[in-house]
Amino acid sequence: MSQARLTSCLPLPLDNKVLVNVIEKAKDWALMHGVGMRDKKHFTKDAIQIAPFVLLPSPFPRTEFAKAIELQPILNELMHKVAHDEEFLESTLQNALQVDEFTAKLYDVWVKVRSEGITQPVSLGMLRSDIMLESRCPHLENQCAKHTPYCSWKQVEINSIASGFGHLGPVSREIQSYVLRQLGHGELIKHMPENRALSGLCSGIIEAYDLFGVPSAVVLFVVEEVSYNICDQRFHEFEISEKRPDIIIYRKTLNEIYDETQLNDKKQLILEGQPVAVVYYRSGYEPAQYPSTKEWDARLRVERSTAIKCPSIQYQLAGTKKVQQALAAPGVLEKFMGGGNSTGRVRDIFTGLYSLDFDDNGERAVEMALADADRFVLKPQREGGGNNLYGGDVRDALLRMRHSRERAAYILMERILPPLVSAYVVRPGAQVPPPLTDVVSELGIFGVIIGSKDKILCNKQVGHMLRTKLAEANEGGVAAGLGALDSPFLLDL
Ligand code: ADP
Ligand code: MG
């Protein structure tokens, strides 16, 4: 049976001349409204090029979208509780820590900070829960009992550090609205949900800043050596500066933080003579971003300080794949959430997640994956895309690691198969018009949570982003050049 498919918002294909014309307009709209990225091949700070985008919004079932929006504060709170449960994090990560040096180093920072006594009990979480529609139902071959081309959505992962696209999410809605108007279909825009992600995320930073309560304090964005995804990051700065002209923002790499900051006797992080109120990490989630001990020292200094961190180190640990897998194990959600209705709703969003520890469950998981590798994704404790293994590579890796402790650094996850959609994907430097291709989408829901271990001060859902990739591609990172910006067109099925 062929893969399920969702109906496009307009009958396709479009007339060739109309298509060429509207793409030319849309590309200029993109450049003039920050739908852009820096060019990786010919890097210059003097120019941006269009970010890849899908010309028309991709269909997404309205009820499933509503469910994702509704569930976000519940997921925020769950992550907050997990991040503050030292025993759970320790027991969940212990095997992975033995073989995964990066996670072990993050964990060491956390241990040191705790041993000195926490100076800043409040954390700022800016989370993004990534989900995909599942077109396979367990009880029927490839076709859902509801006779819709999907069953429900499943969570791919939840990001707790550097959850990007707060700007690129909302602006994707704007560019596709422009395209729909140019095509004479402005009436369809009402099916595209409002998206105030940038405003909501920046309000989180501002709220944390005000909680810090020092009028001369500054905000620090921790950035990569080279930021390709510059529009997304800068628009956060522009938004904060519009809302609160009094707040000064610095962008610094971990290396610069090492050289340019100090802790004073009150454990304030001092930058340019002022205390830092909020540290917002857009870097620091992968090993290459810590090329020397200086970067680790800088990270430790920030974590030891009174600055409110987004995220603080325990939130980053709570966002690991291993924790996601542990939450899906029997009884664990109940421990954090009790036995009520919400617990069942969260359990429903998990697809099969399996530990590869050296015990009976781990052995069973290895056997299961070797028997049908295409059904699974093998994931190490990494963020940022491009680290997971699929299909034949799952098999090869498991055969290689089967008797090695290394395997405990991975989790096994059932592969989600989303319904297909037809789309024109506009890419920089690519032929115009692009071919009409089969794509699949991944929706990200943003949440903001502020609080300490015992008290949550703010918890809300603030917006969304949609990324779309070719149906046959394994991963769809936009910054990595695989995916494309998109936004949902809500369908009543
Ligand atoms: P990362 O932290 O590197 O972003 P993810 O778990 O989000 O890791 O995986 C990266 C990408 O791989 C996802 O955006 C998605 O496109 C694909 N992917 C991950 N897990 C699954 C899955 N279980 N089923 C289908 N695709 C997946
Ligand atoms: Mg991801």
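Both ligands and their constituent atoms are indexed starting at 1 by order of listing.
At the top of the distance list for atom 24 (N) of ligand 1, counting protein heavy atoms only, stands Ile416 N, 2.8 Å. Among all non-hydrogen protein atoms, the one lying nearest atom 9 (O) of ligand 1 is Asn388 ND2, 2.9 Å. Nearest protein neighbour of atom 3 (O) of ligand 1, counting heavy atoms only, is Gly385 N, 2.6 Å.
Under a 3.5 Å cut-off, the side chain of Lys81 and the backbone N or O of Phe336 do form a donor-acceptor pair. In this structure, the side chain of Lys321 does not engage the main chain of Tyr410 through any donor-acceptor pair within 3.5 Å. Judged by distance alone, the side chain of Asn195 and the main-chain N or O of Gly463 form no donor-acceptor pair under 3.5 Å. A donor-acceptor contact shorter than 3.5 Å links the side chain of Lys309 to the backbone of Ala307. Listed for the Arg407 side chain is a donor-acceptor partner under 3.5 Å among the backbone atoms of Asp357. Proximity of a side-chain donor or acceptor of Asp100 to a complementary backbone N or O of Ala409 within less than 3.5 Å is not detected.
Note: an N/O pair closer than 3.5 Å links Glu414 and ligand 1 by distance alone. The shortest N/O to N/O separation between Glu442 and ligand 1 falls below 3.5 Å. Taking only nitrogen or oxygen atoms, main chain and side chain alike, Arg415 does not reach within less than 3.5 Å of ligand 1. Considering backbone and side-chain atoms alike, Gly386 places every N or O at 3.5 Å or more from each N or O of ligand 1. Taking distance alone, with nitrogen or oxygen atoms compared against 3.5 Å, Val156 stays at or beyond that limit from ligand 1.
Heavy atoms of Val377 come nearer than 4.0 angstrom to ligand 1 in at least one pair. Heavy-atom separations between Asn159 and ligand 1 are all 4.0 Å or longer. Tyr390 counts as a contact of ligand 1, since one of its heavy atoms falls under 4.0 Å from the ligand.
Between Glu295 and Arg299 there is no salt bridge, since no side-chain N of the basic residue sits under 4.0 Å from a carboxylate O of the acidic one.
Side-chain N/O atoms of Asp486 and Gln176 include a donor and acceptor closer than 3.5 Å. Asn159 and Asp130 share a side-chain donor-acceptor pair at under 3.5 Å.
Per-residue contacts place Met413 under 4.0 angstrom from the following atoms of ligand 1 (heavy atoms of the residue considered): 23 (N). Residue Gly384 has at least one heavy-atom neighbour below 4.0 Å for each of these atoms of ligand 1: 1 (P), 2 (O), 3 (O). Of all the atoms in ligand 1, the ones that sit under 4.0 Å from a non-hydrogen atom of Asn474 are 12 (O), 16 (O), 17 (C). Within ligand 1, counting atoms from 1 as listed, the ones closer than 4.0 Å to a heavy atom of Glu475 are 10 (C), 11 (C), 12 (O), 16 (O).
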TODO: Walk me through it: do Lys379 and Glu157 pass the test salt bridge (charged side-chain N to carboxylate O under 4.0 Å, His left out)?
DONE: CA-CA 11 Å; Lys379 298 188 173 188; Glu157 68 156 347; 5.9 Å; no
- [ ] Determine, step by step, whether Arg282 and Glu224 satisfy the salt bridge (charged side-chain N to carboxylate O under 4.0 Å, His left out) criterion, reporting the C-alpha distance in whole Å, the side-chain angles of both residues, the deciding distance to 0.1 Å, and the verdict.
- [x] CA-CA 7 Å; Arg282 290 296 297 238; Glu224 318 94 307; over 6 Å; no
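When Lys321, Met132, Lys379 are checked for heavy-atom proximity to atom 20 (N) of ligand 1, Lys379 turns out nearest.
Its N, O or S atom nearest to the Mg ion (ligand 2) is what matters here, and for Glu157 that atom is OE2.
When heavy-atom distances to ligand 1 are checked against a 4.0 Å cut-off, Leu417 has no atom that comes that close, whether in backbone or side chain. Contact annotation: for Glu157 versus ligand 1, heavy atoms closer than 4.0 Å belong to the side chain alone. With a heavy-atom cut-off of 4.0 Å, Arg382 touches ligand 1 through its backbone alone.
For the Mg ion (ligand 2), the N/O/S atoms of Asp130 include none lying under 2.8 Å.
Annotation: cation-pi geometry satisfied between Arg301 and Tyr258 (NZ/CZ under 6.0 angstrom from ring centroid, within 45° of ring axis).
Remark: Phe238 engages Phe235 in a ring pair (Phe, Tyr, Trp, His ring centres under 6.0 Å) (not counting sequence neighbours).
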